[in-house]
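This report concerns only the one structure given below.
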Amino acid sequence: MPTYSVTTPQRNYSAVVERGLLPRAGSYVPSKAGKLFIVTTADVWERHGLALASGLEGRAYEVLFFPGGEERKRLAEVEMLAEEMVRLGGDRSSLVIAFGGGIVNDLGGFLAAIFMRGIPVLQIPTTLLSQVDAGVGGKTGVNLVTGKNLVGSFHQPLAALIDPDVLTTLPEREYRAGLYEVIKCGIIRSADLFTILAERHADVLSRDPDVVEEIISESVRIKAEVVSADEREGGLRRILNFGHTFGHALEAETGYARFLHGEAVAFGMRAAVRLAEMRGTLTAREGAKIADTISLYGPIPPLDAISAKNLVARMAADKKTLQGRVHFVLPVRIGEVEVVSGIDEDDVLAAARATLA
Ligand code: GLY
């Protein structure tokens, strides 16, 4: 069972990747914990609730349903869930189990971070995207009208429990969207992972259990390593944002309605490749390998009627922009990226235009 240590000033914990782990999740709940609050969505609970509940026998728990959707990942929902927790007997000994995709991991983690000034959370991500990203690393938060994840906190979990078996019921589009985050991990830090995605795409797409476990494990290993080196994104952790500068702009420009997050990241990675090629810091050969591999897992929804100018304007408003400087994570070669700022806006515009064309 691959287990990766996440070592941060706030907490040291394990990110465990294991098929069939879900029914054993209860063994990661401390014996002294009070009432457990499982934050989840109706569809996840319907598919996987029994498996989780079977391992919680003898423990007092309540299931709190969150409607799901980026538009509901708001402070008002956190407040309602906190009120419900109090009504149901929650106190400072309680524990939140965030059981679902990235939105539930973010919102459930944030609820735990602020409930009675902070209680522990166990992260159990159930989509590929959340298993390789949101469920590990302690970023929690909610959206404001003015932008995504603009209120939040770093709240590291007691453990991140990743059961690849739950992906067998994941809708095809969501699975593919998650694969783009896996491709991202390969490009930023693991040429071997990238090779699996480039050469074994039929096994990846058919969800061969061994291959799925391997690509998740390698992605989680990378995430654990990066977060351990830089919990608060002062330096190295920025590389996890590869594809996100253009990607976030695309999501915002289309009202978070047209693209899944992973699909927007796929667009963003292609745009970053274009930009790196234009700057002469990535060879056309490496760039083509990346673009071809991204295409193997597509297509993403159509890119028509999107203004490159608007995308560039949106980047300036992103929370990753510091003191007006937009940072880009650009590939140097497969397995290595660099963080660059101060790029001429005309070059960014040209890369966006070329990727939209
Ligand atoms: N999702 C990027 C990070 O965890 O830093």
Side-chain angles (χ1 to χ4, degrees), residues 15-29 35-57 59 61-74 77-78 80-82 84-85 88 94-112 120-137 139-143 155 157-179 181-182 207 209 212-213 216 219-220 256 260-262:
V16 185
V17 182
E18 189 186 333
R19 279 187 252 162
L21 178 61
L22 194 50
R24 290 194 292 284
S27 63
Y28 290 85
V29 175
K35 190 168 259 191
L36 315 178
F37 290 91
I38 302 170
V39 177
T40 191
T41 52
D43 59 330
V44 168
W45 190 250
E46 197 177 302
R47 283 184 208 142
H48 307 295
L50 260 182
L52 177 61
S54 69
L56 296 177
E57 258 174 40
R59 307 294 308 235
Y61 70 85
E62 304 281 352
V63 183
L64 306 180
F65 289 104
F66 165 67
E70 273 303 331
E71 70 288 355
R72 302 293 292 267
K73 202 178 89 175
R74 301 296 303 277
E77 297 287 339
V78 175
M80 279 192 285
L81 290 171
E84 210 176 331
M85 283 173 70
L88 292 168
S94 299
L95 181 146
V96 169
I97 299 179
F99 182 45
I103 292 172
V104 166
N105 300 140
D106 286 357
L107 180 131
F110 187 54
L111 173 66
V121 62
L122 196 58
Q123 290 285 4
I124 308 184
T126 59
T127 61
L128 178 56
L129 193 119
S130 61
Q131 291 190 338
V132 300
D133 193 37
V136 182
K139 281 189 180 176
T140 73
V142 294
N143 302 330
H155 189 56
L158 290 180
L161 305 179
I162 295 153
D163 183 347
D165 278 354
V166 301
L167 302 183
T168 51
T169 56
L170 192 68
E172 176 71 10
R173 184 176 170 201
E174 276 194 55
Y175 179 67
R176 286 177 189 252
L179 287 172
E181 285 278 355
V182 179
R207 307 188 202 190
V212 170
E213 187 176 351
I216 292 174
S219 304
V220 172
Y256 300 96
L260 297 177
H261 175 67

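What you are looking at is a predicted structure, and each value in this text was computed from that prediction instead of being measured.
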Query - L22 side chain near D165 side chain, heavy-atom distance below 4.5 Å - result: no

Report task. Could I get the full list of side-chain hydrogen bond (donor to acceptor under 3.5 Å, both in side chains) partners for S130, not counting sequence neighbours? Result -> T127

**Report entry** Min side-chain heavy-atom separation T126-V104 under 4.5 Å
**Finding:** no

Query raised in the report: With H155, which residues qualify under side-chain hydrogen bond (donor to acceptor under 3.5 Å, both in side chains), at least two apart?
Result: none

Query raised in the report: Is there side-chain contact between P157 and V121, with at least one heavy-atom pair below 4.5 Å?
Result: yes

Query raised in the report: Out of I38, V63, L161, V39, which one pairs with I97 under the side-chain contact (heavy atoms from CB on, under 4.5 Å) rule?
Result: I38

Query raised in the report: Could you walk me through whether L88 and F37 pass the side chain to side chain contact (heavy atoms under 4.5 Å, CB included) check?
Result: CA-CA 9 Å; L88 292 168; F37 290 91; 3.9 Å; yes

Query - Option among E71, R74, E70 that satisfies the side-chain hydrogen bond (donor to acceptor under 3.5 Å, both in side chains) test with N143 - result: E70

Query raised in the report: Minimum heavy-atom separation for A15 to V220, with atom names?
Result: CB-CG1, 3.7 Å

Query - Pairing of E172 and R176 as salt bridge, 4.0 angstrom limit - result: yes

Query raised in the report: Got a donor-acceptor contact below 3.5 angstrom from the D163 side chain to the G20 backbone?
Result: yes

Query - Counterpart residues, side-chain contact (heavy atoms from CB on, under 4.5 Å), relative to Y175 (two or more places apart) - result: L128, L170, L179, V204, R207, V212

